[in-house]
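A quick write-up on the structure given underneath.
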Protein chains: 2
Amino acid sequence: MLLYLHANKLTRLEKLFSSIKIQVNEKLFIKDPDSSQLGKKIVEHSIYLIDEIGFEEFTFKKLGVRIGSPESTIYRYFENKHMLLVYITSWYWTWLEYRLVFSTNNISSPEERLKRAIAIVTEPVKQDSNYSHINEVKLNRIIISESLKAYFTKEVDEANKEGFYMVYKSIVQRISEMVLDISPKFKHPHTLISTVVEGAHQQKYFSEHLPSLTDVGNNDDKIVSFFTNLVFSMLKNG
Amino acid sequence: MLLYLHANKLTRLEKLFSSIKIQVNEKLFIKDPDSSQLGKKIVEHSIYLIDEIGFEEFTFKKLGVRIGSPESTIYRYFENKHMLLVYITSWYWTWLEYRLVFSTNNISSPEERLKRAIAIVTEPVKQDSNYSHINEVKLNRIIISESLKAYFTKEVDEANKEGFYMVYKSIVQRISEMVLDISPKFKHPHTLISTVVEGAHQQKYFSEHLPSLTDVGNNDDKIVSFFTNLVFSMLKNG
DNA sequence: CAAATATAATAGCATTACTATCGTTTTTGC
DNA sequence: GCAAAAACGATAGTAATGCTATTATATTTG
């Protein structure tokens with residue numbers, strides 16, 4: 001009975017979550033792709049197509065063929081393919097931030113809270129049925145192998161001024177604060193956490209393509225435990 | 001007198017170094033750019049131009065205008081701009097590997113040796129007068145902001161098979177062995193070192209463009225000390 | 001000094017990365 | 001339920017990119 005209630009409570013919380021629209025910075029699109037069927041189709045199939053052929057080979061022309069619309073229509077939603085990449089990247093981090101907040105909320109132990117936070121940013125992603133037009137597993141693969149191209153560009157400073165990377169920074173900020181909850185005198189929480197977030201992605205990529213650069217094999221748990229261990233080692237040694 | 005001899009010895013070692021040609025995997029070019037004046041000019045100005053306008057905006061056409069040669073001539077040296085990026089990246093890591101070997105050679109203390117190795121891969125780069133057509137400072141900036149584009153591509157597996165990333169892997173392998181010299185039972189030396197090498201680059205980039213993701217400010221020494229501390233903390237805590 | 005090789009000059013072509021126009025469908029506000 | 005507005009599809013067009021090809025001239029090498 002208690003179990004039942006508990007499960008029921010989770011379900012209701014999840015329902016609450018399912019009603020949350022992932023709000024992405026409005027400057028990232030011309031017309032909100034979440035406001036129409038076509039817009040969702042564009043985002044859905046761009047994730048499929050980028051995952052398939054890579055961002056360099058990806059063009060609006062090819063995407064148009066895939067969804068049966070002319071490329072000019074896609075240009076009504078996104079300025080260019082780079083902005084679409086920034087958009088889906090931003091969507092991903094917004095989605096992850098909700099999961100981060102959900103997972104760490106009401107956890108009284110600061111250590112347990114930080115552990116959960118590290119897990120969220122380092123463990124493999126599962127499909128989230130609340131957003132049916134987004135394949136989070138494929139999106140995660142894109143984030144790992146392509147999203148750096150959204151950050152390492154000559155326009156990074158202007159993009160940053162426009163707030164394109166706000167959600168990403170917010171996640172790093174949140175987890176940094178959890179670090180400080182444990183060790184208020186720790187001097188480099190942001191450096192530590194940004195290293196962990198990017199490092200986890202890299203290790204996943206290396207394990208699949210350049211395995212001699214890792215020791216994690218195809219065991220994703222090792223990535224979680226390595227970086228968890230890394231963070232707590234650093235906190236222990238100042 | 002002793003000091004003089006010491007200085008003299010260094011000079012001779014350096015002279016030895018100056019005669020070393022940086023040998024890059026022959027599959028990376030069509031005609032060895034190091035075999036002609038024009039080839040060196042292509043490499044020299046590609047570094048300037050990529051640093052100036054970024055890799056996306058960089059084209060053989062623009063490079064041709066810069067050096068006063070038609071683009072078709074550049075195509076006789078490199079298959080395309082991506083291969084040129086792989087080439088200069090590979091040149092950089094080969095150069096850094098020599099410096100790594102030079103700096104850690106004959107250091108009897110394993111801790112001191114590892115410290116020096118970490119410094120080589122995390123500290124700022126200085127101009128090396130031995131290779132007058134290469135601006136190592138600008139090249140380092142390119143490595144930090146563009147070289148991931150040489151690794152994160154759909155062709156990564158074939159490129160890896162061809163040995164394009166061999167030198168990079170060799171550096172990680174060397175430093176991993178230094179880690180094992182100190183802690184033979186440490187389970188994740190490659191993961192640790194590849195995280196450090198890439199992490200140091202990222203922190204440098206973040207400090208210049210996304211400063212809220214770091215705590216290092218514009219103090220490069222903090223990057224060296226953070227990652228040195230990170231490695232030794234991990235070794236201490238298994 | 002001849003033969004081989006490298007380079008410059010030029011042209012050309014398919015694809016990319018957009019922008020513009022215009023008729024038709026769909027949505028919306030009353 | 002209908003008119004106005006907005007969105008979409010179809011098509012065309014343009015400058016730049018990413019190459020390849022050709023030929024004449026210069027340079028190197030045997």
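Because the structure is predicted, anything quoted here is derived from the model rather than measured.
Residues satisfying the side chain to side chain contact (heavy atoms under 4.5 Å, CB included) test with B:Asp220, not counting sequence neighbours, are B:Pro124, B:Lys204, B:Ile223. Residues forming a salt bridge (Lys or Arg N to Asp or Glu O under 4.0 Å) with A:Glu44 (at least two apart in sequence, or on another chain): none. B:Gln23 pairs by the side chain to side chain contact (heavy atoms under 4.5 Å, CB included) definition with B:Lys21, not counting sequence neighbours. Qualifying salt bridge (Lys or Arg N to Asp or Glu O under 4.0 Å) partners for B:Glu136, counting only residues two or more places apart in sequence or in other chains: none. With sequence neighbours left out, B:Tyr205 forms a ring pair (Phe, Tyr, Trp, His ring centres under 6.0 Å) with A:Phe152, B:His209. By the side chain to side chain contact (heavy atoms under 4.5 Å, CB included) test, A:Asp51 pairs with A:Lys138, A:Arg141, A:Ile142, sequence neighbours left out.
Residue pairs meeting the salt bridge (charged side-chain N to carboxylate O under 4.0 Å, His left out) criterion with at least one partner in residues 155-173 of chain A, sequence neighbours excluded, are A:Lys27-A:Glu162.
Between A:Phe58 and A:Phe55, the ring planes lie parallel to each other; the angle is under 30°, not in the 30° to 60° tilted range. Ring geometry for B:Phe60 versus B:Tyr75: interplanar angle over 60°, hence perpendicular rather than tilted (30 to 60°).
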### Task
Go along nucleotides 22-30 of chain D 5' to 3' and tag each nucleotide: B for a protein heavy atom under 4.0 Å from its base, S when only backbone or sugar atoms are that close, - otherwise.
---------
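Axis angle between the ends of the helix from C:dC1-D:dG30 to C:dC30-D:dG1, five pairs each and rounded to 10 degrees, works out to 40°.
When the options B:Trp93, B:Tyr92, B:Phe78 are evaluated for a ring-ring contact (aromatic ring centres under 6.0 Å, His included) with B:Tyr87, the one that passes is B:Phe78.
Atom CE of B:Met83 sits in a crowded spot, with more than 12 heavy atoms from other residues, nucleotides or ligands closer than 6.0 Å.
For residues 41-71 of chain B, proximity to DNA chain C is found at B:Ser69, B:Pro70, defined as any non-hydrogen atom under 4.0 angstrom from a strand atom.
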Taking only distance into account, with no hydrogens and no angle test, what donor-acceptor pairs under 3.5 Å do side-chain atoms of residues 65-74 of chain B form with protein atoms, sequence neighbours excluded?
from	atom 1	to	atom 2	distance (Å)
B:Arg66	NH1	B:Glu52	OE2	3.1
B:Arg66	NH2	B:Glu52	OE1	3.0

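Taking the 5' to 3' direction, DNA chain C first and last meets chain B under 4.0 angstrom from a heavy atom at C:dA6 to C:dT10.
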